[in-house]
Structure formats: structure tokens, C-alpha cells
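As the structure lists them, so they are numbered: ligands from 1, and atoms in each ligand from 1.
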Amino acid sequence: MIVLGIESTCDETGCALVRNGREILSNQVASQTLHTEFGGVVPELAGRKQIEACFPVLRAALKEANLPLNAIDCIAVANGPGLIGSILVGLHFAKGLAWSLQKPLIGVNHVEAHLFAPFMGDEDPQLPALGVVISGGHTALYRINAIGSYELIGQTQDDALGEAFDKVARLLGLPYPGGPHLEKLAESGDPLRFVFKPGIIKHNPFDFSFSGLKTAFLYHLHGQNGRPQRDPIVSNTEIQHLAASFQHAAFSNLLDKAFRAAVKWQCQSIVFGGGVSSNQTLRDLVNKQAPMPVFWPPPGLSQDNGAMIAGLGYRRHKLAHYETIFSLEAYPRCSHGFQGV
Ligand code: KG4
Ligand code: ZN
């Protein structure tokens, strides 16, 4: 069965063709560049750009897979959570395709799909697994009992991890999305030169708080009464140390909680998903310290993409009969259609 996966929940447009839930025949992603000058995604502009990108990205995906449109057996679309305008574009595009091809349409939760991405590699992670979602919009720990059965263990109370990277990168004048730029800058810095303390959440030790890191970074960069517009009061070399120290503090905090949760909830493996999971410094740290086997998304499946949507859509299709449901709705928040959230 060939599933077309469509992902349009933010500023990426992804279309992918996946055979039998695992064999990725194509995975095309168009990233919007117009947000760079604003230092973050402008929702209204993102939605408009999605309209322009849908057809070219679908055509590119069909071309890469060397398949005609009518080879598609089923369509899976991310109908949330994310930016409502962006989601609506992908959802209606999917509905139009499903109607014209007379194929089933399946709505997929995009955060759940991030958790599913590590299950698309050569080997299936052992269950129950500790799922760590680290993206620009979400940071959370789940116990994955089975695909479709999740228990929320902890989540961020303020910024998502990717969002914290993006905000710090913005303070340094780096382009959006800042995560990869900050990782590069941190490569030549000393991760232990400065002390950054992520927030402590009293009522749940497995929740996160990353927003204070950004303020601490600002103070290091511009002084206690500093303003982002001023020139930094530290040298370029110290900026590299700052970037490395920020990254180290954020990852240490994440991993400390994730590893403890995995042991406490008697997990057999740990899986990572979401844009930040492509960070090589994080992967090196995890591979050195993890108390049990770890699984990462295959190449190209960390950031938003259609392949993980198609993969999860296929699993859903195997479990239940789907038809083209034109009443399928878009939802901006996570609490809809994803057990355990
Ligand atoms: O999963 P994703 O593509 O979209 C959301 O669902 O949010 O994640 C995007 C986020 C951005 O915040 C981006 O800065 C971050 O992932 N990111 C990284 C890296 N690559 C992407 N953060 C840190 N290091 C990276 N190498
Ligand atoms: Zn995402």
C-alpha cells in the first residue's frame, strides 16, 4: 500500500510517498525562507506560502518516487497541532486529492508522528519506550505503551526546546530557525565555561522550563540591564563559550529527566523525535550516557516531514477502516486526537 503523507503544520510543506509504512519512496520538504528577516514564523505569511508550495512539493514527491498520481492508495494528513492557517491549507489540499482520487483520508497528529518517526528505521524500538519530543513547538516526555497508546509524563511549562534555541540564536542575530546555527557556533566553545540553570518545576519534576535560559543568555551577552539591540559586551570567543554552555545546560536538563523517567516508568528503550533531535551534540551525549537502547528518526525524519505522517497513517489504516471523511477538522492544540496529552 502506498500512502501519501502531507505535513503543513508550520512553515514547512512536506509530501512523501511511503510503501507499507516503512519504505520511503520519496520525502520532499519545502522550507519557507521569508521568515528569516522577522526572526520567527509569521503565521499569516506561513499559511499563504503553504498554498503556493502544495502542488510543486507533491509533484516533486511523485517525481522522486517515479510514480503517477493514481499510484496513491491512501492519503494521510497532519491536521494538528500547529498554526491553524497552515494546517487548513494542507488539510484542504488533502481533501481535494482524496476526493478526486476516491481514496481514504486519514488525519494524523503531528506530535504523535514525531514520536513515530524512530519506528520507521530498520529495527523497531522495544516497548514500552520513553518518547522524547523536542521540536520548535513541543517538548514532552511520554511513555509509549504501543503505537496509539501514550501516557504523558512531563512537558515544558513555557518555551519548547527548539523555541529556546531559536530565541537565543535571535539574540545573536543568527537567522531563523536558529537551532542548527547555534549548534555550529557552539562547536568551538567550552560547554562548561558559563553556568546556565534551567527552571525547576516543583509540582512535577519531569516538567521543563527553558524560558529563563534565554534571559540568562541575554544578561551574559549585554549585561544585567542589557537590551538586545546593543552590541554584546563579550568577545566573539566568549560568545562561542556562551552558545556551548547554553546548549550543554539545556541538553543536560533534558537528558537528566528523560533518563530518570525511562527507568522510573520501566521502559525498554528511549526514542527521540522532532527538529532538535537532529542535533549531533545531543546525539553524542545520549549515545555516551543513555541507560538503555536509543532510537533516532532515520535521516530527514527529525524535522517536520510527510514521511512520518504517511508512516503513522499506514499504521492507522491497518487498525481501522477509513473513508474519505470530508468533515475532518483542523485543530491548533495538542489536546485533540492524541491519547495521553
Ligand atoms: O520538528 P520541527 O521541524 O518543527 C516543529 O514541529 O516545531 O522542529 C523545528 C525546531 C526549530 O526550533 C529548530 O531551531 C530546531 O527544531 N532545530 C534544532 C536543530 N535543527 C533544528 N535545534 C537544535 N539543534 C539543531 N541542529
Ligand atoms: Zn513538528
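The neighbour count for Arg315 CZ, taken as heavy atoms of other residues, nucleotides or ligands under 6.0 Å away, is above 12.
A salt bridge is absent between Lys202 and Asp207: the closest approach of a Lys/Arg side-chain nitrogen to an acidic carboxylate oxygen does not fall below 4.0 angstrom. Looking at Lys288 and Asp284, no side-chain N of the basic residue comes within less than 4.0 Å of a carboxylate O on the acidic one, giving no salt bridge. Taking a cutoff of 4.0 Å between a charged side-chain nitrogen and a carboxylate oxygen, Lys49 and Glu44 do not qualify as a salt bridge.
Summary of contacts: the protein heavy atom closest to atom 26 (N) of ligand 1 is Glu183 OE1, 2.9 Å. The closest protein non-hydrogen atom to atom 1 (O) of ligand 1 is Gly275 N, 2.9 Å. Considering only non-hydrogen protein atoms, atom 3 (O) of ligand 1 sits nearest to Asp304 N, 2.9 Å. Among all protein heavy atoms, the one lying closest to atom 24 (N) of ligand 1 is Asn279 ND2, 3.0 Å. For atom 10 (C) of ligand 1, the closest non-hydrogen atom of the protein is Gly136 N, 3.5 Å. Asp166 OD1, 3.7 Å is the protein heavy atom nearest to atom 13 (C) of ligand 1.
Distances below 4.0 Å separate heavy atoms of His110 from the following atoms of ligand 1: 6 (O). Near Gly162, meaning under 4.0 Å from one of its heavy atoms, ligand 1 places the atoms 12 (O). Close contacts of ligand 1 with His114, meaning ligand atoms under 4.0 Å from a residue heavy atom, involve 1 (O), 6 (O).
If you take CG on Asp158 and CZ on Phe210, they are separated by 8.5 Å, rounding to the nearest 0.5 Å.
Contact between Ser278 and ligand 1 is present, with at least one heavy atom of the residue lying under 4.0 Å from the ligand.
Between Ser277 and Ser302, the side chains place a donor N or O and an acceptor N or O closer than 3.5 Å (distance only, hydrogens not considered). Under 3.5 Å, the side chains of Gln157 and Ser209 contain no donor-acceptor pair of N or O atoms. His317 and Asp73 are not linked by any side-chain donor-acceptor pair at a separation below 3.5 angstrom, with hydrogens and angles left out of the test.
Here His138 has no heavy atoms under 4.0 Å from ligand 1, in either its backbone or its side chain. In Gln280, neither the side chain nor the backbone holds a heavy atom less than 4.0 Å from any atom of ligand 1. Contacts between Gln303 and ligand 1, counted as non-hydrogen atom pairs separated by less than 4.0 Å, involve both the backbone and the side chain.
Around the Zn ion (ligand 2), the two atoms OD1 of Asp304 and NE2 of His110 are separated by an angle of 110°, to 10 degrees.
Nearest-heavy-atom check against atom 22 (N) of ligand 1 across Gly178, Gly179, Ser135, Ala169 picks out Gly179. In this comparison of Asn305, Leu182, Val276, the heavy atom closest to atom 15 (C) of ligand 1 sits on Val276. The closest heavy-atom contact to atom 19 (C) of ligand 1, among the options Gly137, Pro81, Pro180, comes from Pro180.
Using a 30° and 60° split on the angle between ring planes, Phe196 and Phe217 fall in the parallel class, below 30°. Using bins of under 30°, 30° to 60° and over 60° for the plane-to-plane angle, the ring pair Trp296/Phe272 lands in the parallel bin.
The distance from the Zn ion (ligand 2) to the nearest N/O/S atom of Cys10 is not under 2.8 Å.
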For this session: Carefully, step by step, assess Asp256 and Arg260 under the rule salt bridge (charged side-chain N to carboxylate O under 4.0 Å, His left out).
Result: CA-CA 6 Å; Asp256 172 52; Arg260 276 195 293 123; 3.3 Å; yes

